[in-house]
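A short worksheet on the structure shown next.
Residue numbers start from 1 in every chain, and the chains themselves are labelled A, B, ... in the order their sequence lines are given, proteins ahead of strands.
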There are 2 protein chains.
Amino acid sequence: MDKPVKADGTVGKALEVLDQVAAYGRPVKFSELLQDSPYPKATLFRFLQTLTNQQMLSLDTDTGAYSLGIRLMRLAHAAWKNASLAPIARPFLEQLATEVGEAVHLAQLDNGQVLFVDKLRATDRFETLAQVGHVAPAYCTGVGKAMLAFLAPKRLQIVLQQQSFYKFTTTTKGSADDLSEELAKIRKSGIAFDHEEHEQGINSIAAPILSTNGRIVGAISIASATTRFDTEALKQFRQPLLKTAKLIGDEATSWQFPS
Amino acid sequence: MDKPVKADGTVGKALEVLDQVAAYGRPVKFSELLQDSPYPKATLFRFLQTLTNQQMLSLDTDTGAYSLGIRLMRLAHAAWKNASLAPIARPFLEQLATEVGEAVHLAQLDNGQVLFVDKLRATDRFETLAQVGHVAPAYCTGVGKAMLAFLAPKRLQIVLQQQSFYKFTTTTKGSADDLSEELAKIRKSGIAFDHEEHEQGINSIAAPILSTNGRIVGAISIASATTRFDTEALKQFRQPLLKTAKLIGDEATSWQFPS
DNA sequence: TACTAAGTTTCAATATATGAAACCAATAGT
DNA sequence: ACTATTGGTTTCATATATTGAAACTTAGTA
C-alpha cells in the first residue's frame, strides 16, 4: 500500500525511522526497533538520538520507549492551516453536513495521491478518529477521480503515471485507459462516484472544487456503506454537493496564493 | 547545560527548513527561502530536494512553491492515534462538551511543554482551526499546572528546569518558587486555574487525568474569555470536569502500555 | 538579441556519518 | 556473591556523504 519512499541520504534514512515508529502504533523500545532495522545498533541509536533532539520523536524517560514527537503535531498543525483549503472550507462543510446529515470529506491532491484534509460528522466510532492526514490513491476514490477529471491534460499525464492501478476490489479500474474513459464522463457530469473501488462495501459521491479560474483545488465527497445507500441513492446528494463545491471554490479563489 | 535546540547534523539542518516553510504560512518559492537561509544556494536546494522526495515538503510544479508535505500529515495522524489518550478520551469529552456547552481541551505533557491533543466545540471562528498540535508552556496554562502538580517530585524538578518563566502577562508566575507554591494548592484541591497567565483575557479551569496507579497521563480544561466567565464563574464546572477526568483516567489505565 | 533573475548541476575539499567493537549498567541465573 | 545476559551508550578509524563556489541552463524581459 504505502510505496516505500526510497531513503536517499542521511535525512531519508533517519526519516524512515519515523515511519517505523509510526507503524508500531504504540511506544516502542530501542531494542524492538533494532529488531527490524536494517541499520546497526550504533547507527540506529544515533538516528533515535537525533530525532529525539529534534522533537520528531519523544522518549519516555521512565519506560525508555519512543513515540512520535511533538514537532510532528506542530508541523502538521501548520500544514493544515497553511493548506489554505481546509480552514476556508470548514464552515461550508459544516453547513453541508448538517443539511444532508451524512459524513462529509474534504480532500486535496498531493503528488498523485489523495490527502484527506478534513472530515466531518463521522458516525461510526472508529471513523471518529482524526482522519485528517489519511492518504489514499487517486485512481480508485471518488474525490480522487473528481480531481483527476479536471486536471490539465499535461498534468493528468504525469499523475496517471504515478498511479499503481492495484486492484483493491473487483470494480477497481485496472489501467490508465479504463480510468481515462471514466474521467471523460466525470468531466461532463461534474460528479464522480466510487463504486466500492477502494474498499468493499464503501461507495461515495464526489464533486470537484474548482477555483474561478478553473484550477482544481480539491474535492468533497459524501461516503457511505453500500448497505446504507446504494449508488442510485447517493445521487440524491448531487445538488447540495455541487452547490457546496461551488461555494468553496469561489471562496478559495480569493484566498489562493496571496502573493 | 544541554545545548539549546541547535540543529546538529544534516538531519537537524534539513528539518530546520521545515520550520522555515511552516513559518511562512503559505507556499514559498525557493528564492524566498534562500533569502533568510543560512545555507548557500546549492545546499538549500539539496535540502528542499531531499525533503520533497521524502514527502515532508510538497512542490507545486506550476508555481514552484513549497508547502509542508503529505507525510507530515500522515505521521501526525499516526501520532494522534498512537498518543493513546486522545482517541480514548474523545467520547468522554464529547459527553462533557455537550453537558457544559463549552469548549473542552485535552492536553498531554511532552518534554515540559503542553501539547493539545484534542479540542471540542470551539465557538469562535478562528478557534475552529484544528488546534490539535498546538503547543504551549506548562507553567502558565491550566492544563499545564494541573499536570505539573501531580508529577513525581524528581520528575517535576526536571520539568521546572525546562520552563522559561517568561512573563506573558502581569499574572504570569515568574519563578519556580512561585509556581511550586501554587502547585501544592492544586495538589490539594485537584483543580487548577489559569488567571490570564498565558493570554490576556483568557482564563480556564483544568483537571488532571490520573491513571488508577497514580501516574499523570494528561489534563482537560474548559477555557473561556474572561468576559464570558470570570474565575469565580468557572468554578461551576468543577464537578463535571473532575468526573470526566476520573472516567478518562480509569479508561486510560486499561489501555496504557499494552506490553 | 542581449540581459537578468531563478533554478540546477558539477566537483574537489572537507566534514560527517558509519559500524565494529569495546564499554557500561542493570537484571537474571547459579 | 559471583557470573552471564540483555539492553543501551560511547569510541574511533575509515568510508561516505555533504558542502558550496562556480559554472551552467533556463525562462522571463527590455
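The 12-atom threshold is not exceeded at CD of E181(A), counting heavy atoms of other residues, nucleotides or ligands nearer than 6.0 Å.
Here dC23(C) presents its P atom at 17 Å from CZ of F45(A), a figure rounded to the nearest Å. In this structure, F47(A) places its CZ atom 17 Å from C1' of dG8(D), rounding to the nearest Å. Remark: P of dT16(C) and CD of Q49(A) are 16 Å apart, rounded to the nearest angstrom. Separating the CG atom of L33(B) from the P atom of dT8(C) is a distance of 13 Å, rounded to the nearest angstrom. For the pair Y39(A) OH and dA17(C) P, the interatomic distance rounds to 14 Å; values are reported in whole Å. For L34(B) and dG7(C), the CG to P distance is 9 Å, given to the nearest whole Å. Rounded to whole Å, atom C1' of dA17(C) lies 12 Å from atom NZ of K13(B). Distance, L48(B) CG to dT9(C) C1': 15 Å, rounded to whole Å.
Between Y39(B) and F47(B), the distance from one ring center to the other falls under 6.0 angstrom.
Listed nucleotides: dT10(D), dA17(C), dG7(C). Nearest to the side chain of K29(B): dG7(C). Out of dT8(C), dT9(D), dG20(D), the shortest distance to the side chain of F30(B) is found at dT8(C).
A donor and an acceptor atom, one from each side chain of S211(A) and T253(A), are nowhere located under 3.5 Å apart. Between Q20(A) and D36(A), the side chains place a donor N or O and an acceptor N or O closer than 3.5 Å (distance only, hydrogens not considered).
A distance of 5.5 Å separates CG in L72(B) from CG in L75(A), rounded to the nearest 0.5 Å.
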- Task: Kindly determine whether K154(B) and Q157(B) satisfy side-chain contact (heavy atoms from CB on, under 4.5 Å), including the steps that lead there.
- Result: CA-CA 5 Å; K154(B) 151 196 131 223; Q157(B) 221 44 44; 5.7 Å; no
- Take F30(B) and L48(B) through the side-chain contact (heavy atoms from CB on, under 4.5 Å) test and state the conclusion after the steps. CA-CA 8 Å; F30(B) 178 96; L48(B) 291 170; 3.5 Å; yes
- Query: Should R26(A) and N82(B) be marked as a side-chain contact (heavy atoms from CB on, under 4.5 Å) after you check the CA-CA gap, both sets of side-chain angles, and the distance that decides it?
  - Reply: CA-CA 5 Å; R26(A) 60 175 173 79; N82(B) 302 353; 6.0 Å; no
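One finds a side-chain N or O of S31(A) lying less than 4.0 angstrom from the OP1 or OP2 phosphate oxygen of dG8(D). In terms of phosphate contacts, T43(B) brings a side-chain nitrogen or oxygen within less than 4.0 Å of OP1 or OP2 of dG20(D).
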Short N/O separations, protein against nucleotides 24-29 of chain C, under 3.5 angstrom:
none

I'd like a table of donor-acceptor pairs (distance under 3.5 Å, sequence neighbours excluded) in which one partner is a side-chain atom from residues 140-148 of chain B, with atom names and distances.
unit_1, atom_1, unit_2, atom_2, d
T141(B), OG1, P137(B), O, 3.0
T141(B), OG1, G144(B), N, 3.2
K145(B), NZ, E182(B), OE1, 3.3
K145(B), NZ, E182(B), OE2, 2.9
K145(B), NZ, F193(B), O, 2.7
K145(B), NZ, E197(B), OE1, 2.7
K145(B), NZ, E197(B), OE2, 2.9

- B/S/- along nucleotides 22-30 of chain D (protein heavy atoms under 4.0 Å) is ---------
